Amino acid sequence: MPEGPVIRFLSEKAQVFVGKKVKKASAIDDSLDLKQLEGQKVTEIKTYGKQLLITFDKITVSVHLMLFGYYLINGKKPNGKLRLGLEFDNGELNFYASQVKLIEEPLEEVYDWTVDVMSPKWDPNAAVDKMNKLKKLLICDALLDQDIFAGVGNKIKDEILFNAKVHPASNIEKVPDKKKKELADEAASFSYKYLGWKRTEVQDEHFSVHWKEICPRDGTAIEKPKMGKQDRTTYHCPKCQKKY
DNA sequence: GGGAATGTTCACTA
DNA sequence: CTAGTGAACATTCC
């Protein structure tokens, strides 16, 4: 479920709970003091990268879906392990297999929205500068770095590189700055496109390389080796994506 | 049963 | 101290 645009989509659907008071807050375990949320009014629901932030007067709940997380609005999974369940007068919001945290510090101290590719504050030039500091790493690692491209995930990474015709195993130092800027811009524009597809309930038919077998540009067989620092599956066309 | 897959953090080693 | 490695967690599907 969980790349930036998917979380943004969830956030849009969850806006119906903004301004509502939590009737009941619960979870399968009591590692978090969720009782303090009961009776509190939701002030905002927004995202930072792949995290959903539900803010209250003095506290924020952050939910990260990690790899397997999922949510249900106005529904419960029969045997699911509830990681966070919030009940309101007009419905409920339930999370499973997620990482839930309570944040008491002001959000501006915790998050830098210039790093979030879907934020109005997103700064692609700063991203280029940060990529240059990674030097010896591969470009595919840079795109997954949440301190540079918050919200970009493994699937989006593949699509960005394909659209910019850059080979994932390219050396960061060798990729020209102009091309890096193109990647940064593509990170944002692809994320918004992805969000648009989510809104029309279309799933992944719009992807060009990820999970594909043949390059839509030249018919070459797509390769998908594990690559980079994190050894992630990386779909790419060995022919039309240039290796720097 | 085994192995993957949209992700991240932390303990441990060299 | 730092960089790198491996484990851990969690779920569903084939």
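Proteins get letters first, then strands, A, B, ... in listed order; numbering begins at 1 in each. Worth saying up front: this structure is predicted, and the values here are computed from it rather than measured.
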Completion exercise
Taken to the nearest whole Å, CZ/A/Phe68 to P/B/dT6 is 10 Å
Exercise for the section: Would you classify A/Lys136 as touching base, sugar-phosphate or nothing, given that sugar-phosphate means primed atoms plus P, OP1 and OP2, and contacts are heavy atoms under 4.0 Å? Expected result: nothing
Exercise for the section: Examine B/dT8: is either OP1 or OP2 under 4.0 Å from a nitrogen or oxygen in the side chain of A/His64? Give yes or no. Expected result: yes
Exercise for the section: Would you please classify the geometry between the A/Phe207 ring and the A/Tyr194 ring as parallel, tilted or perpendicular, with 30° and 60° separating the classes? Expected result: perpendicular
Handout entry: Nearest-Å distance once atom P is located in both C/dA8 and B/dG3
Key = 16 Å
Exercise for the section: Ignoring backbone atoms, establish whether A/Lys77 has a side-chain N or O less than 4.0 Å from OP1 or OP2 of C/dT12. Expected result: yes
Exercise for the section: May I ask you to check whether A/Lys180 and A/Asn132 show a side-chain donor-acceptor distance below 3.5 Å? Expected result: yes
Exercise for the section: Report, as yes or no, whether the 6.0 Å neighbourhood of atom NZ on A/Lys13 holds more than 12 heavy atoms from other residues, nucleotides or ligands. Expected result: yes
Problem - Separation of atom CD in A/Glu159 from atom C1' in B/dT6, rounded to whole Å - result: 12 Å
Handout entry: Between B/dG7 (P) and A/Phe95 (CZ): distance, integer Å
Key = 18 Å
Handout entry: Short side-chain N/O contact from A/Lys50 to OP1 or OP2 of B/dT8, under 4.0 Å
Key = yes
Practice task
Can you tell me which residue pairs pass the ring-ring contact (aromatic ring centres under 6.0 Å, His included) test with a partner in residues 6-46 of chain A, sequence neighbours excluded?
Solution key: A/Phe17-A/Phe88
Problem - Between P of B/dT8 and CG of A/Asp145, the distance in whole Å - result: 10 Å
Handout entry: Selection: residues 227-236 of chain A, any non-hydrogen atom under 4.0 Å of DNA chain B
Key = A/Gln230, A/Arg232, A/Thr233
Fill in the blank from the handout: Whole-Å distance, A/Lys81 NZ to C/dT12 C1', equals 13 Å
Handout entry: Distance in angstrom units between A/Met66 CE and B/dT9 P, rounded
Key = 7 Å
Problem - Minimal non-hydrogen separation, A/Val152 against A/Val117, with atom names - result: CG2-CG1, 4.1 Å
Exercise for the section: Indicate yes or no: at least one non-hydrogen side-chain atom of A/Leu134 is less than 4.5 angstrom from one of A/Lys130. Expected result: no
Exercise for the section: Please lay out, stage by stage, how A/Arg8 and A/Thr47 fare under the test side chain to side chain donor-acceptor pair (under 3.5 Å). Expected result: CA-CA 6 Å; A/Arg8 178 59 72 94; A/Thr47 63; 3.2 Å; yes
Handout entry: Between C/dA10 (C1') and A/Leu65 (CG): distance, integer Å
Key = 11 Å
Handout entry: G-U wobble or Watson-Crick pairing nucleotide for B/dT6 (cut-off 3.5 Å, both distances)
Key = none
Problem - Phosphate OP1/OP2 of B/dT6 contacted by A/Tyr194 side-chain N/O (<4.0 Å) - result: no
Completion exercise
When rounded to whole Å, the CD to P distance for the pair A/Gln51 and B/dT6 reads 20 Å
Handout entry: side-chain N/O A/Gln99 vs B/dG7 OP1/OP2, d < 4.0 Å
Key = no
